[in-house]
Q: 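This is the structure I want to talk about, given as structure tokens.
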Amino acid sequence: MTGGHTKNIQHPDALDHLTSEHSVIVCCGSGGVGKTTTSAAIALAGAMSGRRTCVVTVDPARRLATALGIEQLTNTPVPISSETLELPQGGELWAMMLDPKATFDSLIDRYAPSKQQAERILENRIYKELTSALSGTQEYMAMEKLYELVEEGRYDLVVVDTPPTRNAIDFLEAPSRLVHFLEHRLFRMLLAPTRVYLKAVSIATQAFLRTISKVAGAEIVDDAVAFFQAFEGMEEGFRTRAEKMSALVRETSTGFVLVTSPRQDAVAEADWFAKRLHQMGIEAKALVVNRTHPMFVQGEELLQSLAATHLADAPTLPDGEAGAGSAEGYLESLLSLIPPPVHTENTAIVTDPDTIFELFLANLLRYQLIALTEQHTYSDLAAHLATAHQQDPDIAAGSTTPAQRPFAVINVPLMTEDVHDLEGLEAMARALAT
Amino acid sequence: MDLVTFFRQSKVLIVAGKGGVGKSTVSATMALASARAGLSALIVDLEGKTAIRTAFGLEGSLDYEEVLLHSSEAGAARARRITPDDALLEYLADHGLKRVSKRLVSSGALEVVATAIPGIRDILVLGKIKQLERREIADVIIVDAPATGHAMTFLTSASGLLEAARSGPVRTQAQEVVEFLSDPSRCRVILVTLPEEMPVAESIETAYQLEDRAGVTLGPVVVNGCLEPLPPAVTLSESNRKSLLDSLHGPFNFTGSETIKIIPSADLLEGMAQAAAFHDHRRIQQIEQRQRLAEELPLPQLHLPYLFRPSSGLNELHALAESLSRGIAGMPDPAGKADDASNMSDMSGVPGRKATEL
């Protein structure tokens with residue numbers, strides 16, 4: 001869209017609006033882009049602005065716990081504090097790590113008509129494996145926990161980190177998927193207590209069941225039948241809850257944040273997430289681009305500095321008005337003129353000023369080039385999201401103030417230190433806010 | 001160690017690591033390095049992503065049918081996709097259910113059944129990989145595994161299923177998969193990580209869990225995105241660098257050519273100093289993380305350079321394959337088993353823990 005040089009669509013108070021005008025923030029993005037860290041930093045920013053905030057992570061690795069400097073997170077929120085962290089009046093930071101199994105267990109307890117039925121389900125071998133077996137179960141449990149926390153009403157803001165997979169977005173549809181699963185006709189058939197019902201199902205399914213029994217062993221089929229029978233009568237409860245969850249994510253007080261790294265593959269994934277959200281009638285409120293390389297010299301200054309001295313055989317400088325793509329090309333061809341440094345164990349100290357200059361310059365050019373390329377990589381997505389945001393029906397209707405905020409692109413530069421503790425999170429929360 | 005020896009140690013290499021560490025790039029690099037060494041490599045992608053083809057500078061995603069990605073005089077790199085659904089459909093076809101399999105998929109019945117048999121999808125995928133290994137379809141099969149959390153589930157599915165199924169072909173399948181995974185001459189896991197705090201922490205945790213729970217043998221850890229050192233003249237303390245920079249006024253003959261002379265502006269010199277300082281700072285941190293990884297996980301490390309490119313193509317992949325090959329060449333030759341094992345337990349220094357030798 002914007003072929004030219006990127007102007008960051010950044011608003012100094014973007015994060016402040018995000019945390020103060022929403023009660024739920026959902027962070028989406030592919031794995032390895034710093035989603036967990038971003039969620040924690042946004043939550044911390046919320047707490048620093050005086051809100052009682054809780055961050056929920058669904059990452060199976062104990063990364064958030066590490067970042068928050070505590071041993072292990074539990075399935076119920078724990079308060080985070082440290083000597084160095086000063087929060088204003090009312091500001092609190094709580095964190096929890098989703099335990100899909102424990103969450104599912106409590107859900108079974110809640111909806112099972114009797115204690116015995118709950119026990120039958122909890123002890124079923126298939127149920128025990130369900131949280132890892134049924135795709136979307138983890139996502140569903142994340143939604144469930146989010147819903148519980150919002151319903152409890154103990155927090156001003158709940159920030160949710162989504163699972164690091166492409167189907168993470170399924171978590172929005174996960175509750176209805178489980179309902180669909182429980183209502184499946186095969187499931188109904190298995191619920192039927194007698195074999196008579198088998199006659200009603202297609203011959204293909206019968207053959208299929210027989211084969212399953214043959215290849216997988218009769219115990220597995222028995223376990224499956226027992227599992228489905230144990231769920232009898234619970235569908236209604238699940239369906240109602242699924243509908244409420246679906247409504248919750250579509251409320252204006254729920255804001256979606258896309259998180260990405262400036263790498264091409266991650267940005268492509270973010271674009272894919274944005275499109276999926278759009279299909280569900282949801283527009284992202286902000287794009288967080290994590291770990292962008294710093295630009296040490298402003299692009300034009302660098303070019304001018306080099307241009308002032310370049311002579312006949314140097315690569316031709318792009319015209320002033322030319323797109324940044326050609327600036328990249330120029331830097332690249334300049335870089336290609338510099339021979340790669342020779343790495344050997346005992347390289348003598350280079351003393352020749354020309355060579356020293358070249359090596360320093362090559363290093364700078366590499367960083368300039370990657371910073372420039374990164375900007376191009378995400379600026380199209382940013383522009384595209386900003387347009388979609390403007391067309392958001394919420395804004396068009398002029399209904400609420402929060403929705404009228406401009407779309408925010410928050411750029412978090414690669415810091416010299418990687419974020420792995422509370423102090424790092426604080427630095428990141430400040431970086432997000434400026 | 002000789003490249004061919006390295007790649008012939010195990011028929012299957014499972015490349016695992018958390019999201020964003022570059023598993024697909026490393027899988028592609030391994031395949032290219034072995035192809036360059038004259039071997040035939042087959043990459044198996046479990047999701048049908050685009051990343052593998054992209055790494056070779058090609059467009060589009062992988063299909064169920066094998067495709068040639070690169071060939072040299074003696075070796076070749078191919079790739080194909082085996083998703084759980086692919087494996088399930090193939091399994092059904094093998095068991096005389098080909099005609100109904102499509103309908104079972106579209107009606108959702110398959111998902112219900114697959115859920116009812118926990119781990120069945122993973123078992124079928126691993127079973128298929130084992131079958132390819134048995135057929136010796138390539139000298140080395142490189143599996144681009146799912147992200148860590150899922151990789152753990154993926155690799156432990158067989159032992160889990162052994163407990164649930166007490167008879168039938170699925171149990172036999174699970175048993176064969178367990179045997180396959182625990183035999184280092186058939187299968188090893190290559191962990192990929194970045195030289196950063198959290199990826200390193202996660203790799204250490206994953207490594208021991210994979211050994212304990214999945215019973216696999218670990219190959220070297222690939223540390224991706226390592227910043228290369230600035231040459232000696234440039235790696236200076238900050239004050240030395242400043243005075244050095246101050247002494248640089250130019251004009252400089254650019255690349256030994258008399259035709260390009262640069263008189264650097266103050267801004268340019270300042271930018272050069274900052275970029276060098278930033279590079280050194282991050283590199284020092286990376287080295288600390290690599291050392292920490294070496295201390296807590298006594299496995300050989302293979303370092304791949306950071307390429308300063310947000311996207312890559314075949315040239316970059318060749319550069320990575322070159323680095324990987326150099327790293328492998330620098331590894332010690334596989335010694336006698338007994339010796340290795342005792343060396344390793346000495347190195348780990350963590351009671352009750354082990355890290356397999358390569």
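Per chain, numbering begins at 1; letters A, B, ... match sequence-line order.
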Q: Taking the side chain as C-beta and beyond, is there a heavy-atom pair between His279(B) and Tyr367(A) under 4.5 Å?
A: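 A side-chain contact exists here, since the closest heavy-atom pair is under 4.5 Å.
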Q: At a 4.5 Å cut-off on heavy atoms, which part of Leu307(B) comes close to chain A: side chain, backbone, both, or neither?
A: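 Leu307(B) has no heavy atom closer than 4.5 Å to chain A.
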Q: Glu322(B): what forms a salt bridge (Lys or Arg N to Asp or Glu O under 4.0 Å) with it, not counting sequence neighbours?
A: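 Here the qualifying residues are Arg36(B).
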Q: Taking all heavy atoms of Phe308(B) and all of Ile370(A), pick out the closest pair and write down the distance.
A: C-CD1, 3.6 Å
Q: One thing to verify: whether Arg291(A) and Glu196(B) come together as a salt bridge, which I'm taking to mean a side-chain N less than 4.0 angstrom from a carboxylate O.
A: yes
Q: Under the side chain to side chain contact (heavy atoms under 4.5 Å, CB included) rule, what do Thr36(A) and Met198(B) come out as? Steps first, then yes or no, please.
A: CA-CA 11 Å; Thr36(A) 308; Met198(B) 286 200 261; over 6 Å; no
Q: Taking the side chain as C-beta and beyond, is there a heavy-atom pair between Arg282(B) and Leu414(A) under 4.5 Å?
A: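 The answer is yes; the side chains approach within 4.5 Å.
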Q: So which atom in Gly271(B) and which in Val297(A) form the shortest heavy-atom distance, rounded to 0.1 Å?
A: CA-CG2, 3.6 Å
Q: If I take atom CE from residue Met272(B) and atom CZ from residue Phe296(A), how far apart are they, to the nearest 0.5 angstrom?
A: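 Those atoms lie 13.0 Å apart.
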Q: I'd like to check the salt bridge (Lys or Arg N to Asp or Glu O under 4.0 Å) partners of Arg292(B); sequence neighbours left out, ordered by chain and number.
A: Glu197(B), Glu296(B)
